Amino acid sequence: MKIWQKNVDVNQFVEHFTVGKDRELDLQMAKFDVLGSLAHTEMLETINLLTAEELKTIQQELKNIYAEIEAGHFTIEDTVEDVHSQVEWLLTQRIGEAGKKIHSGRSRNDQVLVDLKLFFRACIEDMVNQTSMLFNQLIELSNTHKDKLLPGYTHLQIAMPSSFGLWFGAYAESLADDMELMLAAWKITNKNPLGSAAGYGSSFPLNRTLTTKLLGFETLNYNVVYAQMGRGKTERILAQAMSAVAATLAKMAMDVCLFINQNFGFISFPPELTTGSSIMPHKKNPDVFELIRSRCNKIQALPNEIAMMITNLPSGYHRDLQLLKENLFPAITSLNECLEIATFMFQNITIKDDILKDKKYDYLFSVEVVNELALQGIPFREAYKIVGEQIESGTFAPSDQIHHTHEGSIGNLCNEQITDAMNAVLAQFGFEKVNKAIADLIA
């Protein structure tokens, strides 16, 4: 039986449709469901809804179930509709009547809310760590190849000299900004909805501040109606942060696909990191970066997908919200995989030397010549006209001396400042506090 079922059996066709992919996706939340129950039952004992002996028995068995989940021995049976039901059923089968008391003062609504928040916190920590590793790799490459010049483009036409120091550093700084959005998602996620029950609170004297502390949340979702409204909103904000990271990766992947092209020929990767053609024996295709590009473009659509699923829903819980997991959970996995393999690929990149020695890049230095004339006292617009006429007449002589010294330019990358900015954002997440709270809860 379902934990909500009374005396009527649900039509099997309806049951299959309404359960959907919950059993499969809920496995990812299993240990977080146990954590929520550990905190909730500890609180129930303080308000005399559990005896000390019942609490001891419940907590020990919940920790056993947690260990089974960690070991990969936990499943959600076909006769059970979700992870919450499976954990409660297992507990009751093993310890008897005390297991039936753990749902006092909560609903599946706030139970899934807290599970999701705990799950999202762990996912954010994974994504932040993966992003940090890619960031460090990009900064290292920027510093290593800071003196290697490459063409800068506007409108995909050669524009001005750039460098691999600038190129790698640009994507590093982009990731630092992306983490500002991820920090915002973390702050929204790191609020406790437990105790909001079905969205209207409980007549039991619940101690929500205690469960907030036990689960390592920074604060509560105070208003119980708003706590339920956070379902969907939290997912959308997290998706927006993920979309920002994905946009950085997609643009970077597109650059790589251009730069590895023979008509550019700026970079290369070992043959074993590229793929071939079934008919053209010379091919070395950048499939990894093409897939990063496409995966990340899909992730950029995620905030809108979620927004469309929750648009015009009134306050309170609605079954529509169940489907958010089907869109968001795989996207989290995909983004982490993209971050991980991008870091791996860049560990094996080769940069071509002396790219700008090729005569076709001479016009890249037109602005350098204009600026030299301006420094000699010729008004900039007059200098611009002079160089333009030289280009038209074929008499232009490039000056390949680069004199960029201002902040963030070829000669002054400011990678230390970019790294400081990234570290300042990372320090605000407070993963250590959360992880200590969870470690104490399962000890």
Side-chain angles (χ1 to χ4, degrees), residues 127 130-179 242-277 280 282-301 334-356 358 360-361 364 410 413 415 418 422:
M127 287 186 284
Q130 290 286 357
T131 303
S132 179
M133 284 189 280
L134 177 56
F135 173 90
N136 291 335
Q137 181 65 39
L138 293 171
I139 289 292
E140 180 183 335
L141 287 167
S142 176
N143 289 330
T144 299
H145 301 289
K146 63 183 179 181
D147 296 324
K148 293 184 180 180
L149 300 181
L150 81 158
Y153 296 87
T154 62
H155 307 273
L156 267 182
Q157 308 294 304
I158 59 171
M160 292 177 64
S162 182
S163 71
F164 280 99
L166 279 179
W167 186 71
F168 286 119
Y171 285 109
E173 187 171 2
S174 182
L175 290 174
D177 269 355
D178 296 338
M179 288 301 94
M242 292 169 57
S243 175
V245 177
T248 297
L249 289 180
K251 186 181 289 290
M252 183 170 64
M254 182 63 212
D255 278 357
V256 170
C257 291
L258 285 177
F259 292 175
I260 201 174
N261 174 280
Q262 292 90 338
N263 292 327
F264 289 78
F266 303 157
I267 61 176
S268 62
F269 293 93
E272 65 270 20
L273 301 187
T274 61
T275 61
S277 163
M280 295 169 283
H282 66 281
K283 294 298 289 298
K284 293 180 180 179
N285 299 321
D287 283 21
V288 167
F289 287 97
E290 290 173 342
L291 289 170
I292 289 174
R293 181 176 60 196
S294 188
R295 282 191 185 207
C296 289
N297 286 341
K298 282 181 63 178
I299 292 169
Q300 288 184 80
S334 185
L335 182 58
N336 270 328
E337 290 174 348
C338 288
L339 287 162
E340 184 177 12
I341 200 163
T343 304
F344 170 73
M345 292 298 288
F346 281 126
Q347 288 168 351
N348 293 277
I349 194 171
T350 298
I351 308 300
K352 183 179 179 181
D353 294 321
D354 299 322
I355 294 170
L356 299 193
D358 192 314
K360 68 174 172 280
Y361 298 125
L364 283 171
I410 293 174
L413 296 173
N415 282 341
I418 293 170
M422 180 61 145

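Only a predicted model underlies this, so the values are computations on that prediction, with no experimental measurement involved.
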In this structure, are over 12 heavy atoms from other groups packed under 6.0 Å from Lys148 atom NZ?
yes

Answer yes or no: is there a side-chain heavy-atom contact under 4.5 Å between Leu149 and Ile410?
yes

Phe289/Phe259 under ring-ring contact (aromatic ring centres under 6.0 Å, His included): CA gap, chis, key distance, verdict
CA-CA 12 Å; Phe289 287 97; Phe259 292 175; over 10 Å; no

Any Leu273 side-chain heavy atom under 4.5 Å of Val288 side chain
no

Are Phe264 and Pro151 close enough that some pair of their side-chain heavy atoms sits under 4.5 Å apart?
no

Enter the distance from His145:NE2 to Asp353:CG here, rounded to the nearest 0.5 Å.
9.0 Å

With a 4.5 Å heavy-atom cut-off, do Ile349 and Phe164 have their side chains touching?
no

Taking the side chain from Thr131 and the backbone from Met127, do they hold a donor-acceptor pair closer than 3.5 Å?
yes

Flag side-chain contact, heavy atom, 4.5 Å: Met242 against Val245:
no

Tell me, do Ile292 and Val256 make a side-chain contact under 4.5 Å, heavy atoms counted?
no

Give me the ring orientation class for Phe346 and Phe168: parallel if the planes are under 30° apart, tilted from 30 to 60°, perpendicular past 60°.
perpendicular

Filter on side-chain hydrogen bond (donor to acceptor under 3.5 Å, both in side chains), then keep only pairs touching residues 151-170, sequence neighbours left out; what's left?
Trp167-Asp255

Donor-acceptor pair, side chain of Thr274 and main chain of Pro271, under 3.5 angstrom:
yes

How would you list, by chain and number, every residue that makes a salt bridge (charged side-chain N to carboxylate O under 4.0 Å, His left out) with Arg295, sequence neighbours excluded?
Glu337

Of all the heavy-atom pairs spanning Met252 and Leu134, show the shortest one and how long it is.
CE-CD2, 4.2 Å

Quick check: closest heavy atoms across Asn297 and Ala250, and the distance to 0.1 Å?
OD1-CB, 3.6 Å

Look only at the side chain of Ser294 and the backbone of Glu290, and say whether a donor-acceptor pair between them is shorter than 3.5 Å.
no

About how many Å separate OG1 of Thr144 and CD1 of Ile139, when rounded to the nearest 0.5 Å?
11.0 Å

Drop me the distance from Lys284's NZ to Phe269's CZ, to the nearest 0.5 angstrom.
13.0 Å

Minimal non-hydrogen separation, Ile355 against Phe266, with atom names:
CG2-CE2, 3.5 Å

To the nearest 0.5 Å, tell me how far Tyr171 OH sits from Leu138 CG.
10.0 Å

Rounded distance (nearest 0.5 Å) linking atom CG of Leu175 with atom CD of Gln137:
12.0 Å

To the closest 0.5 Å, what do you measure between CZ (Phe135) and CD (Glu140)?
12.5 Å

Checking the side chain of Asp358 only, and the main-chain atoms of Lys360 only, is there a donor and an acceptor separated by less than 3.5 Å?
yes

Side chain of Asn261, backbone of Cys257: donor and acceptor closer than 3.5 Å?
no

Minimal heavy-atom distance between Leu413 and Gly165, with the atoms involved, is CD2-C, 3.7 Å

